[in-house]
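Below you'll find the structure, written out as structure tokens, and then a few comments.
Residues take their numbers from the sequence shown, with the count starting at 1.
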Amino acid sequence: MKRWVFFRDWSLRWKSFLILLSLILIPASTISLLVYYQSNTILERQVIERNEQNLRHIEHNLLEVMNGMEELSSYIIYSEEFRQYMTLPVDHEGSDPEEMQRLQDHIRGFFTFHLNNKSYVHSAQVEGINGTQLHLGERISGDELLWEEQAEDAHGKIVWTDPYAMESEGWVPEDYQMISLFREINNLFDITEPIGQVRIRLDERELYSYMTNGYLNPNDETVLLQKDGRVLSHQDHQLVGESYPNDYVVQQMQDKAGPFQYDEENGDAYYAVTRKVEGRDLYLVSTVSEDYILDEFTGIRKTMQIIMIVAGVIGLIAFVGFMLTIIKPITELTRETRRLEDGDFSAQVRVRSDDELGQLGSRFNKAVVQIQHLIDTKYKLEIQNKDSELKALQSQINPHFLYNTLDMIRWTARMEGANDTGKSIEDLSRLFRISLSQGKLWISLKEELSYVQSYLELQKRRLGGQLTFSVRMETGTEQCLILKLLLQPLVENSLEHGFSELDPANSIAIRAYRKGEVVVIDVIDNGKGLPVNVQTFNESLHQPNQQRHGYALRNIHERLVNRFGPECGLKALDSKQGTHIRISIPYRVKEGER
């Protein structure tokens with residue numbers, strides 16, 4: 001236990017050296033010895049697994065061909081054109097040669113597509129009870145009477161033939177081995193009444209090539225057998241149609257599918273894998289010579305010797321690389337972390353890569369910068385809030401504003417009753433009370449909207465009623481906290497710059513509502529609009545500018561961004577008339593929430 005504790009306190013360099021020594025040199029030596037004595041078994045298993053996988057692919061290709069041809073014959077049964085071709089009267093009064101020619105053209109086009117796109121389809125023949133007979137593809141001749149009779153006896157069931165010989169009728173005669181589909185076509189509305197027959201001939205050599213395309217190893221023998229052992233398809237054309245020469249392989253194939261080993265009469269050993277074709281009385285067999293496996297094993301033994309020689313060199317290179325790419329960045333990160341703990345915010349880690357350690361270093365550097373930014377932002381936000389509060393308060397108690405307001409109250413008291421005068425004084429006192437609010441930075445949305453409404457009431461009276469306004473708030477948002485004096489600069493901006501002349505139609509609308517976790521406040525007027533387009537205005541909010549125009553709006557935007565992040569703030573929206581400014585703030589009812 002004490003030794004383990006001692007190892008735990010080692011430096012990363014020594015731990016890495018010991019661990020890499022154990023993980024590279026010892027396993028390399030052990031694995032080399034095991035592979036040396038077990039490579040033959042491993043190779044046998046790999047070859048068998050490869051052959052099993054190849055047989056699965058070959059089976060898939062074979063079933064694709066057979067199912068495709070069977071579906072093609074089923075299509076002929078249900079095709080109106082084929083049924084008409086087989087049953088329309090020919091060479092009799094009332095026959096329609098043009099219709100028969102149209103049907104022939106349709107059938108030729110149908111089969112031409114399959115002949116051109118499927119190399120294994122050699123030719124086809126369609127016969128009808130009306131005496132019509134249509135040959136498609138290369139003209140060949142041979143005895144197919146046996147299969148015709150079997151198709152008739154099957155009464156519409158599919159008949160797949162054994163391999164049989166056919167001869168080309170071209171300029172240069174050529175022998176073919178065919179595997180064909182024969183099927184009697186019955187009346188669709190009376191399945192006991194035959195109306196014709198179809199035969200689709202597959203070229204055995206092309207079929208074998210299609211089945212084994214990409215899955216035939218030059219050192220393997222792959223054969224397609226019937227249940228009785230007759231060869232249906234083989235790379236040796238001479239064996240097609242004959243019984244497979246090795247009875248033991250046929251016996252094993254019939255007993256159970258799977259891998260097995262057998263010996264030829266000449267003493268050569270072979271490994272074989274058999275597989276029954278799904279849903280068919282057909283079998284696939286793949287064999288490989290044991291000599292081929294042993295030849296492959298010779299190369300592996302030489303490889304093992306090379307591995308033993310270079311294992312030490314690889315271990316040394318791995319250790320040096322591990323030290324440079326893993327240990328060194330970790331030790332540098334540890335050193336810079338200590339600097340940060342001591343209050344040195346200039347601590348930075350050198351990032352050499354984009355892997356996990358590089359990303360960790362980058363995040364450390366970003367974290368240091370973010371800490372500095374947060375420290376600066378806190379003081380900056382406090383200063384901006386105090387500056388905004390001071391400017392807004394100064395604007396509200398501006399002597400010119402007070403003069404106009406008091407003058408309006410004086411004339412109102414002279415021309416109207418005391419109620420209007422009291423209302424004006426009440427609005428004015430509410431302005432001062434909320435502006436000061438005992439030095440608080442945050443007030444509720446309800447208080448802020450009440451402040452703006454009082455401000456608009458006073459401005460409406462000052463302007464002689466040449467203003468209409470509305471202030472609406474969605475129920476449930478009353479207690480949302482908002483920075484004090486946030487809306488008054490927007491309203492004042494509309495009054496000063498939005499309306500060019502006094503007009504009873506001048507209006508300002510303020511609406512506040514909740515959208516998810518965000519409270520949206522829209523300030524909309526029907527004035528002359530922004531001096532620039534909306535996109536330019538929004539871009540200017542992010543650009544420091546010392547000009548007086550737009551300072552109040554930019555100040556509001558910066559206060560919100562500094563407090564809540566870039567997703568909040570102020571934004572101008574497109575409007576058909578006037579100006580539409582939107583403020584977005586997070587919904588919160590307690591100070592300190594984010």
Would you say [X]'s side chain and [Y]'s backbone share a donor-acceptor pair under 3.5 angstrom?
| X | Y | value |
| --- | --- | --- |
| Glu474 | Arg514 | yes |
| Asn117 | Phe113 | yes |
| Asp143 | Leu145 | yes |
| Glu204 | His234 | yes |
| Asn538 | Lys571 | no |
| Thr287 | Ala272 | no |
| Thr112 | Arg108 | yes |
| Lys118 | His122 | no |
| Tyr208 | Thr222 | yes |

(request) Determine, stepwise, if the pair Ile200 / Val121 fulfils side-chain contact (heavy atoms from CB on, under 4.5 Å). (result) CA-CA 7 Å; Ile200 304 172; Val121 179; 4.2 Å; yes

Item to complete: For the pair Tyr248 and Asp263, evaluate side-chain contact (heavy atoms from CB on, under 4.5 Å) and give the outcome as yes or no after the intermediate values.
Response: CA-CA 9 Å; Tyr248 178 78; Asp263 297 325; over 6 Å; no

When you look at Gln125 and Glu127, which way does the side-chain hydrogen bond (donor to acceptor under 3.5 Å, both in side chains) test go after all the steps? CA-CA 7 Å; Gln125 184 173 322; Glu127 300 175 1; 2.5 Å; yes

Hey, are [Y] and [X] close enough side-chain-wise for a donor-acceptor pair under 3.5 Å?
| X | Y | value |
| --- | --- | --- |
| Tyr176 | Glu167 | no |
| Asn186 | Glu193 | no |
| Tyr283 | Gln226 | no |
| Asp255 | Gln251 | yes |
| Glu144 | Tyr164 | yes |
| Glu70 | Trp160 | yes |

What I'd like to find out is whether the side chain of [X] reaches to under 4.5 Å of the side chain of [Y], using heavy atoms alone.
| X | Y | value |
| --- | --- | --- |
| Thr274 | Leu284 | no |
| Arg45 | Glu49 | yes |
| Met100 | Asn130 | yes |
| Met253 | Tyr244 | no |
| Glu80 | Tyr85 | no |
| Met178 | Ile140 | yes |
| Leu181 | Arg199 | no |
| Leu224 | Leu62 | yes |

Under 6.0 Å from the [atom1] atom of [X], do we count more than 12 heavy atoms belonging to anything else shown?
| X | atom1 | value |
| --- | --- | --- |
| Glu517 | CD | no |
| Arg582 | CZ | yes |
| His135 | NE2 | yes |
| Asp190 | CG | yes |
| Leu573 | CG | yes |
| Arg102 | CZ | yes |

Roughly how far, to the nearest 0.5 Å, is the [atom2] atom of [Y] from the [atom1] atom of [X]?
| X | Y | atom1 | atom2 | answer |
| --- | --- | --- | --- | --- |
| Ser180 | Met69 | OG | CE | 11.5 Å |
| Asn51 | Arg275 | CG | CZ | 12.5 Å |
| Ile583 | Ile585 | CD1 | CD1 | 8.0 Å |
| Asp220 | Tyr215 | CG | OH | 15.0 Å |
| Ile185 | Ile77 | CD1 | CD1 | 4.5 Å |
| Gln235 | Leu216 | CD | CG | 5.5 Å |

Nearest heavy-atom pair of [X] and [Y]: which atoms, and what distance?
| X | Y | result |
| --- | --- | --- |
| Tyr78 | Arg83 | O-NH1, 3.1 Å |
| Leu55 | Ser286 | CD2-CB, 3.9 Å |
| Ser73 | Arg183 | OG-NH1, 2.9 Å |
| Ala512 | Ile521 | CB-CG1, 4.1 Å |
| Ala572 | Leu530 | CB-CD1, 3.9 Å |
| Gly476 | Tyr587 | O-OH, 3.4 Å |

TODO: Give the intermediate values and the outcome of side-chain contact (heavy atoms from CB on, under 4.5 Å) for residues Arg56 and His60.
DONE: CA-CA 6 Å; Arg56 285 195 294 270; His60 175 270; over 6 Å; no

Residue of the set Asp522, Ile524, Leu570 for which side-chain contact (heavy atoms from CB on, under 4.5 Å) holds with Ile581
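Output: one option passes, namely Leu570.
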
Exercise for review: Start with the C-alpha gap between Gln101 and Asp105, add the side-chain angles, then the distance that decides, and say whether side-chain hydrogen bond (donor to acceptor under 3.5 Å, both in side chains) holds.
Suggested key: CA-CA 6 Å; Gln101 184 62 44; Asp105 292 341; 3.1 Å; yes

task = Measure up the Tyr262 and Phe260 rings against each other and bin them: parallel (under 30°), tilted (30 to 60°), perpendicular (over 60°).
result =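 Tilted.
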
**Prompt:** Parallel, tilted or perpendicular: which fits the ring planes of Tyr75 and Phe110, with parallel below 30° and perpendicular above 60°?
**Reply:**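 Parallel: the ring planes of Tyr75 and Phe110 meet at under 30°.
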
List the steps and the verdict of side-chain hydrogen bond (donor to acceptor under 3.5 Å, both in side chains) for Ser123 and Glu138. CA-CA 6 Å; Ser123 57; Glu138 184 179 355; over 6 Å; no

Q) Does the side-chain contact (heavy atoms from CB on, under 4.5 Å) test come out yes or no for Val47 and Tyr271, once each step is laid out? A) CA-CA 9 Å; Val47 170; Tyr271 292 90; 6.0 Å; no

**Prompt:** In terms of side-chain geometry, is the basic nitrogen of Glu184 or Lys157 positioned less than 4.0 Å from the acidic oxygen of its partner?
**Reply:**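 The answer is no: the pair does not qualify as a salt bridge.
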
Step-by-step side-chain hydrogen bond (donor to acceptor under 3.5 Å, both in side chains) determination, His57 to Glu59
CA-CA 5 Å; His57 290 297; Glu59 178 193 20; over 6 Å; no

